[in-house]
Structure formats: C-alpha cells, structure tokens
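Input: a single structure, listed below in structure tokens.
Lettering of chains follows the sequences in order, A, B, ..., and the numbering in each one begins at 1. This structure is a prediction, so every number in the text was calculated from the model and none was measured.
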Amino acid sequence: SQELEQSPQSLIVQEGKNLTINCTSSKTLYGLYWYKQKYGEGLIFLMMLQKGGEEKSHEKITAKLDEKKQQSSLHITASQPSHAGIYLCGASSAGGGSNYKLTFGKGTLLTVNP
Amino acid sequence: GAVVSQHPSWVICKSGTSVKIECRSLDFQATTMFWYRQFPKQSLMLMATSNEGSKATYEQGVEKDKFLINHASLTLSTLTVTSAHPEDSSFYICSALTSGRLDTQYFGPGTRLTVL
C-alpha cells in the first residue's frame, strides 16, 4: 500500500515568514492533493498536482510535484495567522471512478504567531 | 460550489446503541462517496467507498456489519455505527466525488461521535 510521509510534523513560525511542508511517497503518485484542516473540522481542498514537475499557486500558497512524482512540497509565502491549521497531503495511486480513493499523510500542524 | 454537509456535527450516545450519520452533497450529484475516520492527532483513515445504488466497498480491517453504509441517492450517503462502543468514538468525515470532476474529493465538515 502507498505510504505518505510528511515533514515536519509541526511547525511554528512568526507571521510574515515563509515556510515549506514536504510530502514524500513510497510509490509513484498518480495524483497528489493538498488539503487544509482546522482541528475538528472538515478538509478544505487546496490544490491537486498530477504531472511531474508541475507547480500550482493560489494566493500565497505554492505546491510543486517533483519530476519523479514521488515528492511534493507546499510553500507558504509571508504567512498569516489565517494560514494556521493542519496541512494534509493525499495521494491517489490509480485512476478512474471509485478508484480515486486517497491515502493521507499524518499531517503537519502549522502555528503562525502574530 | 461542491459543498458537502454532514449531520449531525456531533453526537453522544450510550454504549450498545446505533448512530446514523448523514453525508449530503448540496449542489452536485455525487456518484461516489467516501467515509473516513480520524483519531486525535492522526491522519484520516479510509473506511469504505460508497457508490450510488450498489454495495459499499470496505477497506481491510473495517467491519461491514458494524459500519453500515447506504448510498441511496446521488446526494445522500449514510453511515450507521451499530452497537456502538467507546472504542468507536472518533471523528467521522465523508467526502464526495462529482461526476463532472472525478479527480477531486470534496469533504464534509465531519461528525464527532462520543460513545459513553
């Protein structure tokens, strides 16, 4: 089965600082997803990457997928308290219909101090 | 768009009782829904995949007689925890796939179940 390892497990940064969260897969990724979760709440979809070398940005968040499609990074520029939460990477290893089930990493808890 | 709701948001029940959790796609039709559980400070673990009009597919180690899943319509899936016990206490989250975009799961806000 596919395993995803996220690092760091937790991160505390000062408001305005940049940060990076990594996600490494034991197998080649079909699709790599980034979600954000507030404790005790559902997941908010951030981005999905599929192609090797792909990079996507939304506001101050940029996600990249390496060429080998086994590692992804999530970079936040000029962090704000609103960025605080748990960031989860999820991976699908096959395509098509109900095979879009995801395996998740354990998450990275981000705290942004004002 | 792509809003998923869950009801209830939290529930407390006595050991031995059954609890039903609903997952609804509010503004789209969901051909496939997924049920996850999450323990404190841990990741989401997929329990089962639910396809409208057919039996759910359970992940290894998940008791299908204990966690009954019904996907009766394209907008509603239910998870019933039968004869709940304290070890079933957890955070249950559903997600849904829309046929228009099969590559992205949209998640509900979750249901906190506490079994006394």
Check this for me: B:His85, atom NE2, are more than 12 non-hydrogen atoms of other residues, nucleotides or ligands nearer than 6.0 Å?
yes

Same cluster or not: are A:Val13 and A:Ile61 linked, directly or through other Ile, Leu, Val, Met, Phe, Trp or Tyr residues, by side-chain heavy atoms under 4.5 angstrom apart?
yes

If I take atom CD from residue B:Gln38 and atom CD1 from residue A:Ile86, how far apart are they, to the nearest 0.5 angstrom?
6.5 Å

Between B:Met45 and A:Phe104, is any pair of side-chain heavy atoms under 4.5 Å apart?
no

Residue pair B:Gln105, A:Tyr33: steps toward the side chain to side chain contact (heavy atoms under 4.5 Å, CB included) verdict
CA-CA 9 Å; B:Gln105 292 183 29; A:Tyr33 300 75; over 6 Å; no

Tell me whether the count of non-hydrogen atoms from other residues, nucleotides or ligands lying under 6.0 Å of CD in A:Glu5 goes above 12.
no

Do B:Leu46 and A:Tyr35 land in one hydrophobic cluster if side-chain heavy atoms of ILVMFWY residues count as linked below 4.5 Å?
yes

One should read off an interatomic distance between A:Glu41 CD and B:Arg112 CZ, to the nearest 0.5 angstrom, of 11.0 Å

For residues A:Leu102 and B:Tyr36, determine if any side-chain heavy atom of one lies less than 4.5 Å from a side-chain heavy atom of the other.
yes

Report yes or no: do B:Ile69 and B:Leu74 belong to one cluster of Ile/Leu/Val/Met/Phe/Trp/Tyr joined by side chain heavy-atom distances under 4.5 Å?
no

Examine whether an atom of B:Ile93 lies under 4.5 Å from a heavy atom of chain A, and if so say whether it belongs to the side chain, the backbone or both; otherwise answer neither.
side chain

In terms of heavy-atom proximity below 4.5 Å to chain B, should A:Gln6 be classed as side chain, backbone, both, or neither?
neither

State plainly whether one hydrophobic cluster holds both B:Met33 and B:Leu113, where clusters connect Ile, Leu, Val, Met, Phe, Trp and Tyr through side-chain heavy atoms under 4.5 angstrom apart.
no

For the hydrophobic clusters of this structure (ILVMFWY residues joined by side-chain heavy atoms under 4.5 Å, transitively), does one cluster hold both B:Met47 and B:Tyr58?
yes

Less than 4.5 Å apart, any side-chain heavy atom of B:Leu44 and any of A:Leu88?
yes

Relative to chain A, which segment of B:Gln6 carries a heavy atom at a distance below 4.5 Å: side chain, backbone, both, or neither?
neither

B:Phe107 side chain reached by A:Phe45 side chain, heavy atoms, under 4.5 Å:
no

